[in-house]
Amino acid sequence: MTQGKYEMVVGLEVHVQLKTRSKAFCGCSTRFGDPPNTNTCPICLALPGALPVLNEKAVELAARAALALGCTLHPVSVFARKNYFYPDLPKGYQISQFDKPLATAGSVKVDVGDGEKSIGVTRVHMEEDAGKSLHDRYPSATAIDLNRAGVPLIEIVSEPDMRSSKEAGAYLRTLRQILQYLAVSDVSMEEGSLRVDANVSARPVGQKELGTKTEMKNMNSFSGVERALEYEFARQCALLDRGEQVSQQTLLWDAAKGEARVSRTKEGSHDYRYFPEPDLLPLVLHSEWLAGIKASVPELPADRKKRFTDEYKLGNEDIEKLTALPLLSDYFEAAARISGEPKGAANWVMGDVQAAINASGVPISEFRVRPADLGQLIKLVADGLVSRSAAKVIFGQMVETGKPAAQIAHDLSLVQVGDDGAITGWIDEVLAEHPEEAKRYLAGEKKLQGVLVGFVMKKSAGKADPKRVNQLLTSRAGAG
Amino acid sequence: MAVTQADVIHVAELARLALPAERLDHLVSELNGILAHMDVLEKTDTSAIDSNVSVPVDSTPLRSDSSGPLPMLTSRESFAPSIRDGFFIVPRLATHEDAAADTAP
């Protein structure tokens, strides 16, 4: 097989569950993990006569996502029925959008390692989810749970602009981060709130015409998407090498086996017999409403990275870590502003704070040490009022008790002593107790300074300001 | 545009409808009759009429996200052909003899 002769072409369809409390067209809860079919009603069960009414919040979240992806939001969009037969689709059609979607023509800038690449977003449209079919629960039967039926989704369809599995992975990770910043979805592949279908084809290098594509489904992680694309590209290259044709079909990825099996022959869009949904009028977005949505789009990851670089003068690696998640990023920024010490705040957030959050298992929004409190602690260190080692002890207490840093420092007598009289007294005692080291140090053996500082810190029970101890020892050596 | 026997068979397959061969000619003729009527309607000049002319309001009504579910007048068990552990039960699909969880399109 000669994969080098061929180029991979990938387009992705990403289904994102919108973070609403109720479903797209009825008031049933969208909560994940509830007992089967408990979140259903006459509308999402498609009982005769039940009519859908669109969820305002779903429209708001969908519009915000579309704007953040650089799309043109259309003032009028139309819902359509996508007809297909499947037991977890009670109506026999899915309410989706077809020829008049919510938004079109956006793009996402993706870091592909050796530079930035713009991946086109063809369209963002709204639709409802289907239920869930469990084929392995009972022998000879399929179990249907319709709790998910009618949950609001957006489908983000990319242009076939990706040329490798790595680019596809980078696009997905960038997209997920943008959606996290927008707070429009939980974007959890494990819970199914983000699902990816990948269209992949192979064509001889240099050929403009696209090859026949296949659609890969059932990937449960971004690395799974990358592996599935590599697998399918290799399969298509082998077919083309043998002079055979690629058939347009849907394949189901089996992560455990690392292979794909044919699901069904791909249906064309005309097979879905789309037609405008007669139970819903067109969705009309007014300019004043749109202005409100535009104003609600927060600072996005790329802009935040640039601003952090300019404002806080941090390195790329720190910036990537600190902007990975929006809440962590907000936490860092608040601590940096309050302390006036961005580098110190970065080190605390990436180190002790993350470790404590991971150990406690609570989300950062519920973490006991609020950024303002961390900022105060950092400020105490910067002002020389507590040592770095004492700050670690204080932080541990803050995690346990939620008390402010200054109070803990006071209660545990960890406030540093910067008073020359007290420090000089401790130095005198140390020099008297260690006459050999004192003699060599005063004779010019500078490397002993660290040892002597350590003795002084121990004698002061960690309270002496080490900076001042160093200064006083240095002046003592100069005088000696 | 005329419907052929192949079109009718294809659509019946998509809808999982068992179609007796003796009904085929009648259905082709019936569907072509409907399309012929559409052809007549299509000749009407509607260029000056807004496509939403019959729509009484300017947008589909929206509801608040906090509205609760509609009550069920009868229990799910009363109308589901088969229910077990809260799941609706249907015969295993022939396409899923080797079982796994999944959703169509």
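Because only heavy atoms are used, hydrogens play no part in the values below, and waters and symmetry mates are left out as well, while side chains stay in. Labels below follow one simple rule: chain letters A, B, ... track the order of the sequence lines, proteins then strands, and each chain is numbered from 1.
With chain B as the partner, the residue from A/R21, A/H286, A/E60 showing the most heavy-atom pairs under 4.5 Å is A/R21. No other option in A/G92, A/P139, A/P87 has as many heavy-atom pairs under 4.5 Å with chain B as A/P87. Put simply, of B/I89, B/V11, B/I83, the one with the most heavy-atom pairs under 4.5 Å next to chain A is B/I89. Of the listed residues A/N147, A/D145, A/T20, the one with more heavy-atom pairs under 4.5 angstrom with chain B than any other is A/T20. Of the listed residues (A/E56, A/K57, A/K23), the one with the most heavy-atom contacts under 4.5 Å to chain B is A/E56.
By the neighbour-count criterion of 12 heavy atoms within 6.0 Å, atom NZ of A/K213 is sparsely surrounded, having that number or fewer from other residues, nucleotides or ligands. Shown here is B/I34, whose CD1 atom has more than 12 heavy atoms of other residues, nucleotides or ligands within 6.0 Å. When the shell of 6.0 Å around CD of B/E77 is examined, it contains more than 12 heavy atoms from other residues, nucleotides or ligands.
Under a 3.5 Å cut-off, the side chain of B/R63 and the backbone N or O of A/C26 do form a donor-acceptor pair. Distance alone, capped at 3.5 Å, is enough to place a donor-acceptor pair between the A/S22 side chain and the B/D65 backbone. Between the B/R92 side chain and the A/Y138 main chain, a donor and an acceptor come within less than 3.5 Å of each other.
Neither the backbone nor the side chain of A/A149 has a heavy atom closer than 4.5 Å to any heavy atom of chain B.
A search for side chain to side chain donor-acceptor pair (under 3.5 Å) contacts involving B/E30 returns B/H26, not counting sequence neighbours.
The OG atom of A/S133 lies 12.5 Å from the CZ atom of B/F88; values are rounded to the nearest 0.5 Å.
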For residues 32-54 of chain A, please give each side-chain donor-acceptor pair under 3.5 Å, one per line with the distance, not counting sequence neighbours.
| residue | atom | partner | partner atom | Å |
| --- | --- | --- | --- | --- |
| A/D34 | OD1 | A/R31 | NE | 3.3 |
| A/D34 | OD2 | A/R31 | NE | 3.0 |
| A/D34 | OD2 | A/R31 | NH2 | 3.0 |
| A/D34 | OD2 | A/N39 | ND2 | 3.0 |
| A/N37 | OD1 | A/L146 | N | 2.6 |
| A/N37 | ND2 | A/I144 | O | 3.0 |
| A/N37 | ND2 | B/G86 | O | 2.6 |
| A/T38 | OG1 | A/P35 | O | 2.6 |
| A/T40 | OG1 | A/N37 | O | 2.7 |
| A/T40 | OG1 | B/R76 | NE | 2.7 |
| A/T40 | OG1 | B/R76 | NH2 | 3.1 |

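Looking only at side-chain heavy atoms (C-beta outward), B/L62 and A/L283 come within less than 4.5 Å of each other.
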